[in-house]
Amino acid sequence: MPALVLLGAQWGDEGKGKATDLLGGSVDYVVRYQGGNNAGHTVVVGDQKYALHLLPSGILSPGCTPVIGNGVVVDPAVLLSELSGLNARGIDTSKLLISGNAHLITPYHTTLDKVTERFLGKRKIGTTGRGIGPAYADKINRVGIRVQDIFDESILRQKVEAALDFKNQVLAKLYNRRAIAVEQVVEELLGYADQLSGFVADTTLLLNNAIDDGQVVLFEGGQGTLLDVDHGTYPFVTSSNPTAGGACTGTGVGPTKINRVIGILKAYTTRVGAGPFPTELLDEDGDKLRTIGGERGVTTGRDRRCGWFDAVIARYATRVNGLTDFFLTKLDVLTGWERIPVCVAYEIDGKRVDELPYSQTDFHHAKPIYETLPGWSEDITQAKSFDQLPKNAQKYVSALEEMSGAPISAIGVGPGRDETIQINSFL
């Protein structure tokens with residue numbers, strides 16, 4: 001039985017929640033392997049809409065065990081609030097498991113995130129201000145607080161003291177902010193111990209055993225390929241690895257155990273926050289995509305920047321992730337355009353470039369080279385098979401598949417759970 005990675009193939013917000021939920025009934029475990037509550041998934045089940053920020057989308061599938069892996073940074077207040085909200089709506093969250101090695105987002109992480117971003121002014125990155133970057137920085141600097149630490153008061157106090165020795169100097173002397181009291185942070189974090197104790201487990205051992213026993217494990221990335229800290233549009237990226245390799249480091253499951261890598265690809269392109277975006281539309285077409293597509297961040301609440309499909313980015317995602325399949329989402333949003341441009345290459349300093357340039361400078365200067373495909377006006381939300389799509393919609397999907405370098409195995413034709421055309425099985 002397979003282990004699958006499911007990730008965003010653009011800048012995030014491609015519809016990973018719907019794809020994960022679609023597979024949730026067929027898998028035994030859904031695992032978040034990176035990011036924090038700066039990610040967001042919207043899942044529509046019947047007439048109910050669920051906005052998930054930190055929890056794996058599999059939490060909505062009754063037979064599935066949702067797991068938060070060691071590569072995730074966890075804000076305990078946000079986690080408990082999200083669990084409470086789902087419980088109030090009748091969703092059973094008792095099967096959730098959290099790696100004891102996952103790092104915690106503390107109050108001083110969110111404080112530093114916000115003041116640093118304000119300090120940068122025009123040079124700001126466009127973070128969500130939720131403490132994600134500072135928490136990952138502490139992890140790499142070996143002064144982080146892990147979930148398991150809240151169950152040992154002595155260790156917790158030592159680690160908080162060590163972290164705040166330096167951070168309070170920065171807050172007071174650089175940012176003119178009040179120092180944060182060690183005792184206040186320790187008391188708050190200890191207060192989560194009883195509420196979280198039943199969820200914490202050795203998830204690395206659990207997941208490896210599950211795969212060895214033939215159970216199906218789905219690894220779910222937050223954000224998208226172009227926001228990867230190593231392979232994205234640095235420095236306008238997140239602080240972790242949403243790419244497929246992050247599934248291994250973020251869970252402790254080796255690459256030889258992963259069978260499929262599925263990239264979620266929106267039928268056009270969006271981006272939240274600052275950074276280069278070659279196909280961005282600053283006209284009425286961009287506004288139309290934003291309105292019809294409901295392009296507002298689930299977690300951030302910010303309007304998404306919108307543009308035409310970028311095949312250069314799709315090819316790049318195929319390469320760096322080793323994608324075996326694509327799930328194309330939001331095809332229905334393009335209904336009504338007479339002609340639909342698709343970016344097939346870039347022009348940089350007068351030369352055609354067919355692959356994503358490694359140079360940040362070149363990418364900032366990239367201008368899209370478009371091919372225009374015929375559009376369609378027919379409603380496609382009721383289509384149950386590829387053959388039921390209008391001919392021009394079929395041609396559009398086939399063109400994107402050829403340009404992107406991996407087969408499109410499923411197509412989203414509406415927001416609902418059942419508004420999906422399955423071409424090839426992922427399992």
Side-chain angles (χ1 to χ4, degrees), residues 1-6 16-37 39-46 48-104 146-148 150-151 192-222 247 250-253 257-258 298 417 426-427:
M1 298 297 285
L4 310 92
V5 179
L6 190 145
K16 293 180 292 294
K18 178 179 180 177
T20 306
D21 181 63
L22 180 71
L23 289 163
S26 305
V27 303
D28 300 293
Y29 294 87
V30 174
V31 190
R32 270 288 302 274
Y33 61 81
Q34 53 75 222
N37 57 297
H41 301 316
T42 299
V43 180
V44 179
V45 182
Q48 295 294 308
K49 181 182 289 188
Y50 298 90
L52 304 177
H53 306 281
L54 182 58
L55 292 170
S57 300
I59 199 148
L60 299 175
S61 299
C64 181
T65 299
V67 179
I68 293 177
N70 59 273
V72 178
V73 287
V74 178
D75 185 322
V78 171
L79 174 63
L80 291 170
S81 174
E82 197 165 342
L83 288 170
S84 176
L86 289 178
N87 290 335
R89 297 178 67 177
I91 302 297
D92 179 15
T93 62
S94 62
K95 295 178 72 174
L96 175 69
L97 296 174
I98 306 169
S99 170
N101 289 339
H103 280 245
L104 290 176
R146 298 194 293 182
V147 170
Q148 60 179 279
I150 65 175
F151 306 113
Y192 298 120
D194 287 343
Q195 300 174 79
L196 294 179
S197 61
F199 297 117
V200 180
D202 182 351
T203 57
T204 294
L205 177 63
L206 175 84
L207 294 171
N208 276 282
N209 286 343
I211 294 170
D212 291 343
D213 289 342
Q215 298 184 75
V216 181
V217 178
L218 178 64
F219 300 98
E220 174 190 55
T251 63
V253 173
K257 293 189 174 182
I258 294 173
V298 178
R417 174 184 267 181
F426 293 127
L427 299 175

- request: Decide side chain to side chain contact (heavy atoms under 4.5 Å, CB included) for Tyr33 and Val5; before the verdict, give the C-alpha distance in whole Å, the side-chain angles of both, and the deciding distance to 0.1 Å.
  value: CA-CA 10 Å; Tyr33 61 81; Val5 179; 3.9 Å; yes

message: Enumerate the side-chain hydrogen bond (donor to acceptor under 3.5 Å, both in side chains) contacts for residues 81-91, please, sequence neighbours excluded, ordered by first and then second residue.
response: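 Qualifying pairs, neighbours excluded: Gln48-Arg89, Asn87-Thr93.
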
Distance from [X] atom [atom1] to [Y] atom [atom2], nearest 0.5 Å?
| X | Y | atom1 | atom2 | result |
| --- | --- | --- | --- | --- |
| Phe219 | Leu4 | CZ | CG | 9.0 Å |
| Asn70 | Ile68 | CG | CD1 | 12.0 Å |
| Leu86 | Leu96 | CG | CG | 10.0 Å |

Which pair of non-hydrogen atoms, one from [X] and one from [Y], has the smallest distance, and what is that distance?
| X | Y | value |
| --- | --- | --- |
| Cys64 | Gly58 | CB-O, 3.8 Å |
| Ser94 | Phe199 | O-CE2, 4.2 Å |
| Gly69 | Val31 | N-CG1, 4.4 Å |
| Ile211 | Ala3 | CD1-CB, 4.0 Å |
| Ala201 | Leu97 | CB-CD2, 4.2 Å |
| Pro56 | Pro66 | CG-CB, 4.0 Å |

Report yes if the side chains of [X] and [Y] come closer than 4.5 Å at any heavy-atom pair, otherwise no.
| X | Y | result |
| --- | --- | --- |
| Leu79 | Ile98 | yes |
| Leu104 | Val147 | yes |
| Leu218 | Phe426 | no |
| Tyr50 | Ile91 | yes |
| Val30 | Ser61 | no |
| Leu52 | Leu60 | yes |

task: Would you please name every residue forming a salt bridge (Lys or Arg N to Asp or Glu O under 4.0 Å) with Asp212, sequence neighbours left out?
output: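 Salt bridge (Lys or Arg N to Asp or Glu O under 4.0 Å) check on Asp212 returns Lys257.
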
Is it the case that the side chain of [X] and the backbone of [Y] share a donor-acceptor pair, with hydrogens and angles ignored and the cut-off at 3.5 Å?
| X | Y | value |
| --- | --- | --- |
| Asp213 | Gln215 | no |
| Asp28 | Val217 | no |
| Gln34 | Ala247 | no |

- prompt: Is the closest side-chain donor-acceptor distance between Ser99 and Asn101 under 3.5 Å?
  reply: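 Distance-only check fails for Ser99 and Asn101.
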
